[in-house]
Trainee: 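This is the structure I have questions about; it appears just below.
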Amino acid sequence: MNISLSSHFTLKKLIRFTLPSIYMMIFTSMYTIVDGFFVSNYAGKTALAAITLIYPVIMIISAIGFMFGTGGTAIIGKFLGEKKEYEAKSFFSLIILLTFVLGAVFAIGGLIFLKPLAIMLGAEGEILLKSMEYARILLYFIPMFMVQCLFQSFFVVADKPKLGFYVTLFSGIVNIILDYFFIGLLSWDIAGAAFATGIGQFFGAIIPIFYFSRKNKSLLQIVKPRFRWNLIWKAATNGFSEFLSSIASSGLSVVYNFQIIRYAGENGLAAYGVIGYVSFLFISISLGYSIGVAPIISYNYGAENHAELSNVYKKSRFISFVTSFTVALLCLLFAETIGNAFVGYNMELKELTVKGLRIFSLGFILSGYNIFVSSFFTALNNGLISAVISVLRQLVFALFNILLLPHLFGITGVWAAFFANELLTFGVSLLFIAGNRKRYHY
């Protein structure tokens, strides 16, 4: 059954259309998770702590790719809804070029300032050396990683979500095989994890570039770009909420790291690394759905099909809540299994990880809907509301809770901060949804 952006979406159709994007994000998250598994079991908790400490730097730089991916998709989807195919292709090409160039610039800057950044994040001794080794290698792959982030959104708006999934699946398999080869067989330690991830990201970008550079059966193709700075600015501002979300999330990880080191030391940092991997996997489901459904929302917004826009919103709300409850339940049930898989070699560390994961997972109950609402307003070309939700969720509420709750409850407060963030954001999301229903007719 062929499903296009102009279709009427039943619940079954909506799930089928968004599943490739969900799978795509899950396998993207597997890059980091598999690294963590091999590093923890073959290189030990110090190497795991080093990755946990430095990875926010990589994600802050790569956030530009997410910004132009989500912001650009909204514009391209609107162009397609208005039947302006060439404008969509031209802008699509421009965003790819711009993102790669910016990636190269930020990679150079990251290499120059890597050591002071690592020290500022609290790295010292062996953790400093290992974290720099890991980040230095990944920075060489940053331009391609940022382009890969673009295509996670662009495959969907090009009406080829399944192809996007296959590309991501292939890249993930490459990553897993190389992790086993570099870390398990060659004992390259943390450098092996970095090379495996970087090479997987390279394939995740180069394959789509080759596909879209030629005539294809999708709605998009790489053509000669037309430099329209007003659209670049609109894409940046429209996707700014996702940029802020990624930046704030990474910055928040830094604050978490400081608090965890203060209350639980290296063991706490390693435990937070495991919780972060699990969180990345589960939240990727909500992110994948939001990426998958965004072009449908943008298309129907551009076509002024209010009835279908309302239909998609209501079904998305239902999907978000069902998924969130399921994810939280699975995390609670399998916390012990996850702890054994990652840090079973150290009983004290495992117990800390399992306890933290069970408390942290309560936040998943509300996170899915919060993520969807932010993406929903981005797809409606209202980057301001989306940015406000993201800033409150990932920065204001998060900082308040991570600074206050550990002071009151120690390390338990660190794990509980995530749920407190999502609860406060949920209230804000409901207010914006209620306040803009008549404006957008959903």
Trainee: What is the minimum heavy-atom distance between Ile58 and Leu138, and which atoms define it?
Mentor: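 Smallest interatomic distance, heavy atoms only, reads CD1-CB, 4.0 Å.
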
Trainee: Can you find a side-chain donor-acceptor pair between Lys78 and Asn381 that sits under 3.5 Å?
Mentor: no

Trainee: Parallel, tilted or perpendicular: which describes the rings of Phe360 and Tyr256, with under 30° parallel and over 60° perpendicular?
Mentor: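 Ring orientation, 0 to 90° scale: perpendicular.
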
Trainee: Can you tell me how far apart CG (Leu231) and CZ (Phe91) are? Round to the nearest 0.5 Å.
Mentor: 5.0 Å

Trainee: To the nearest 0.5 angstrom, please state how far the CG atom of Asn257 sits from the OG1 atom of Thr52.
Mentor: 7.0 Å

Trainee: With a 4.5 Å cut-off on side-chain heavy atoms, are Tyr134 and Leu53 touching?
Mentor: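 No, their side chains stay 4.5 Å or more apart.
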
Trainee: Any side-chain donor-acceptor pair under 3.5 Å between Thr425 and Asn370?
Mentor: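 No, Asn370 and Thr425 have no side-chain donor paired with an acceptor closer than 3.5 Å.
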
Trainee: Can you find a heavy atom in the side chain of Phe243 that is under 4.5 Å from one in the side chain of Phe68?
Mentor: no

Trainee: Without hydrogens or angle criteria, can the side chains of Asn311 and Lys315 be said to hold a donor-acceptor pair below 3.5 Å?
Mentor: yes

Trainee: Does any part of the side chain of Phe37, heavy atoms only, come nearer than 4.5 Å to the side chain of Ile33, both counted from C-beta?
Mentor: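 Ile33 does not reach Phe37 side chain to side chain.
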
Trainee: Would you say the side chain of Arg393 lies within less than 4.5 Å of the side chain of Ile371, judging by non-hydrogen atoms?
Mentor: yes

Trainee: Would you say the side-chain atoms of Gln148 pair up with the backbone N or O of Phe202, donor to acceptor, closer than 3.5 Å?
Mentor: no

Trainee: Checking Ser90 side chain against Tyr86 main chain: does a donor-acceptor pair fall under 3.5 Å?
Mentor: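 Side chain of Ser90 to backbone of Tyr86: no pair is present.
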
Trainee: Counting N and O atoms only, with roles assigned by atom type, does the side chain of Ser386 sit under 3.5 Å from a partner on the main chain of Gly383, one being a donor and the other an acceptor?
Mentor: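 No, the answer is negative, given that no donor and acceptor are paired below the 3.5 Å cut-off.
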
Trainee: First locate atom CZ of Phe377, then atom CZ of Phe372, and finally report the distance between them rounded to the nearest 0.5 Å.
Mentor: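 Nearest 0.5 Å value for the CZ-CZ distance: 9.5 Å.
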
Trainee: Under the 3.5 angstrom rule, does the side chain of Thr18 hit a backbone N or O of Gly292 as a donor-acceptor pair?
Mentor: no

Trainee: Distance from Phe38 atom CZ to Asn175 atom CG, nearest 0.5 Å?
Mentor: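 Rounded to the nearest 0.5 Å, the CZ-CG separation comes to 9.5 Å.
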
Trainee: Please report the shortest heavy-atom distance between Lys350 and Asn340, naming the atom on each side.
Mentor: CD-OD1, 3.0 Å

Trainee: Could you tell me whether the side chain of Val274 reaches within less than 4.5 Å of the side chain of Leu48, counting heavy atoms only?
Mentor: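 Heavy-atom side-chain distance check passes, below 4.5 Å.
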
Trainee: Evaluate whether atom OH of Tyr313 has more than 12 neighbouring non-hydrogen atoms of other residues, nucleotides or ligands under 6.0 angstrom away.
Mentor: yes

Trainee: If I compare all heavy atoms of Ile275 with all of Thr353, which pair ends up nearest, and what's the gap?
Mentor: CD1-O, 4.1 Å

Trainee: When the aromatic ring centroids of Phe419 and Phe364 are compared, is their separation below 6.0 Å?
Mentor: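 When the ring centroids of Phe419 and Phe364 are compared, they turn out to be at least 6.0 Å apart.
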
Trainee: Regarding Ser320 and Tyr289, do their side chains bring together a donor and an acceptor under 3.5 Å, going by distance alone?
Mentor: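 Checked: Ser320/Tyr289 side chains show no N/O donor-acceptor pair below 3.5 Å.
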
Trainee: If we only count heavy atoms from C-beta on, is the Trp415 to Ile260 side-chain gap below 4.5 Å?
Mentor: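 Yes. Closest side-chain heavy atoms under 4.5 Å.
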
Trainee: Taking the inter-plane angle between the rings of Phe154 and Phe151 on a 0 to 90° scale, is it parallel (under 30°), tilted (30 to 60°) or perpendicular (over 60°)?
Mentor: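 Geometry flag for Phe151 against Phe154: perpendicular rings.
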
Trainee: Verify the ring-centre separation between Phe145 and Phe141: is it less than 6.0 angstrom?
Mentor: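 No, too far apart.
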
Trainee: Nearest heavy-atom pair of Pro208 and Ala205: which atoms, and what distance?
Mentor: CD-O, 3.2 Å

Trainee: How long is the straight-line distance from CZ of Arg317 back to OG of Ser429, given to the nearest 0.5 Å?
Mentor: 13.0 Å

Trainee: Write down the atom of Gly363, the atom of Glu422, and the distance for their closest heavy-atom approach.
Mentor: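 Residues Gly363 and Glu422, closest heavy atoms: O-CG, 3.4 Å.
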
Trainee: Is there a donor-acceptor pair closer than 3.5 Å between any side-chain N or O of Ser62 and the backbone N or O of Met59?
Mentor: yes

Trainee: Is the centre of the Phe92 ring less than 6.0 Å from the centre of the Phe212 ring?
Mentor: yes

Trainee: Do you know which two heavy atoms are closest between Ser218 and Lys160, and how far apart they sit?
Mentor: CB-CG, 3.5 Å

Trainee: Return each pair, listed once, that meets side-chain hydrogen bond (donor to acceptor under 3.5 Å, both in side chains) where at least one residue sits in residues 432-442; pairs must be two or more places apart or across chains.
Mentor: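 Every pair satisfying side-chain hydrogen bond (donor to acceptor under 3.5 Å, both in side chains) with a residue in residues 432-442: Asn382-Tyr440.
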
Trainee: Counting N and O atoms only, with roles assigned by atom type, does the side chain of Asn230 sit under 3.5 Å from a partner on the main chain of Lys234, one being a donor and the other an acceptor?
Mentor: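 No; zero donor-acceptor contacts below 3.5 Å.
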
Trainee: So, the side chain of Ser40 versus the backbone of Phe342: is there a donor-acceptor pair under 3.5 Å, distance only?
Mentor: yes

Trainee: If you measure from NZ on Lys314 to CD1 on Ile319, what distance do you get to the nearest 0.5 Å?
Mentor: 14.5 Å

